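This report refers to the structure that appears directly beneath it.
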Amino acid sequence: MPRRLRFNGTGSGDTGCPAVHEDLDTHEVIVHGPPLSDPDDLARLQHLGPGEVPIVVPRELLVDWGPKDLTRKAKVVDLDAFNSLFETFDHSAWRLETRCRYASDEATDTYAQFVASGAVAWDMDSWYCRTIRSQVAVGKSIGRVRIVDNPPTVGQRYLMANAQRNAELGEDVRNLWREDAEQLSLGTEDFWIFDSRLVALLNFDDADSLVNVELITEPAEVVRYSVLRDAALHRAIPHKRFAALLPVKKE
């Protein structure tokens, strides 16, 4: 069974080496870099066992990207506190959407409209619409990348219809094929980043229902999520152009 490895970060901007990964199940840390090969240096190492390979990494790599505290208590907030982030952020809010479906969508009248007719009458005066429209009006940036399966699920098609509403509010909405997301090792975490300093991690259960929202401010973790954001934006396709790539659904 292959390990579930998460890329934490690298100290190199050119070669990607050395770097730190973390096993999400065992919490073991995997570090790779150039091997220590000088015989005199190897002879002075203590407790080097058979099969072990010594490597050389900058001290900053471990300081910046090594896990800091396994016992860190998650800061979980309710939906009111989460929603308030959209009213108080300073300059940017961005989301990565990774799931095949969202149970909360399927409980809405708009989802029922979409399933029945393929068209939706959006309420453009909802709290979210008013909030996003007002934030964009004062120059703030709001965007998201939605990962899409091939073929898209019903829930993903619904969100692509929803993208037109988001765009009218001033959001930059893009899509990314899941195959491309996997090549970029984006993972499956679903999150918002506010002002490049605070991450709101959306945790879901196996039934695709939102369980809670966890706020993360640890600098190394925020940078890791920012790296995922930048990689997703690099390959994502603006929603109108992406929609044109999809075959028309036959009735």
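Quick caveat, the model's predicted, so the values are computed rather than measured.
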Honestly curious: do [X] and [Y] fall in one hydrophobic cluster under the side-chain, below-4.5 Å linking rule?
X	Y	result
Val31	Leu42	no
Val154	Phe204	yes
Val29	Leu36	no
Leu233	Val173	no
Leu159	Met124	yes

[Y] side chain reached by [X] side chain, heavy atoms, under 4.5 Å:
X	Y	result
Asp190	Glu97	yes
Leu246	Pro152	yes
Ile132	Phe86	yes
Glu214	Asn203	yes
Leu176	Leu186	yes
Leu210	Leu79	yes
Glu87	Trp127	yes
Tyr225	Ile216	yes

Polar contact flag, side-chain donor to acceptor under 3.5 angstrom, [X]-[Y]:
X	Y	value
Asn162	Arg146	yes
Gln113	Trp122	no
Gln156	Asp149	yes
Thr188	Arg99	no

Sidechain-backbone polar pair: [X] side chain, [Y] backbone, donor-acceptor under 3.5 Å:
X	Y	result
Ser134	Thr131	yes
Ser209	Ala103	no
Asn175	Ile237	no

#### Entry: Ring centres under 6.0 angstrom apart (Trp94, Phe194)
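They do not qualify: ring centres at least 6.0 Å apart.
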#### Entry: Check: Tyr102 ring centroid to Tyr158 ring centroid under 6.0 Å
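Centroid distance Tyr102-Tyr158: not below 6.0 Å, so no.
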### Qualifying salt bridge (Lys or Arg N to Asp or Glu O under 4.0 Å) pairs, either residue in residues 120-138, two or more places apart
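Matches after skipping sequence neighbours: none remain.
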### Query
More than 12 non-hydrogen atoms from neighbouring residues, nucleotides or ligands closer than 6.0 Å to CG on Asn150, yes or no?
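Enclosed.
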### Task
Can you establish whether the number of heavy atoms outside Glu179 located under 6.0 Å from its atom CD is more than 12?
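Counting neighbours around CD of Glu179, 12 or fewer heavy atoms of other residues, nucleotides or ligands fall under 6.0 Å, so no.
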### Task
Kindly give the heavy-atom pair with the smallest separation between Gly143 and Trp192, and that separation in Å.
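Result for this residue pair: O-CZ3, 4.1 Å.
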Measuring from [X]:[atom1] to [Y]:[atom2], what's the distance to the nearest 0.5 Å?
X	Y	atom1	atom2	result
Leu184	Leu228	CG	CG	9.5 Å
Ser92	Ile142	OG	CD1	9.5 Å
Asp230	Ile193	CG	CD1	8.0 Å
Leu201	Asn212	CG	CG	8.0 Å
Arg224	Arg229	CZ	CZ	13.5 Å
Leu169	Ser126	CG	OG	7.5 Å

Does [X] come within less than 4.0 Å of [Y], counting only side-chain N to carboxylate O?
X	Y	answer
Arg178	Asp180	no
Arg4	Glu22	no
Glu221	Arg6	yes

### Task
Output, in order, the C-alpha distance, side-chain angles, deciding distance and verdict of salt bridge (Lys or Arg N to Asp or Glu O under 4.0 Å) for Glu171 and Arg165.
CA-CA 9 Å; Glu171 287 192 28; Arg165 182 202 68 158; 5.9 Å; no
#### Entry: Criterion side chain to side chain contact (heavy atoms under 4.5 Å, CB included) against Val211, the qualifying member of Asp205, Val76, Leu202
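Output: one option passes, namely Asp205.
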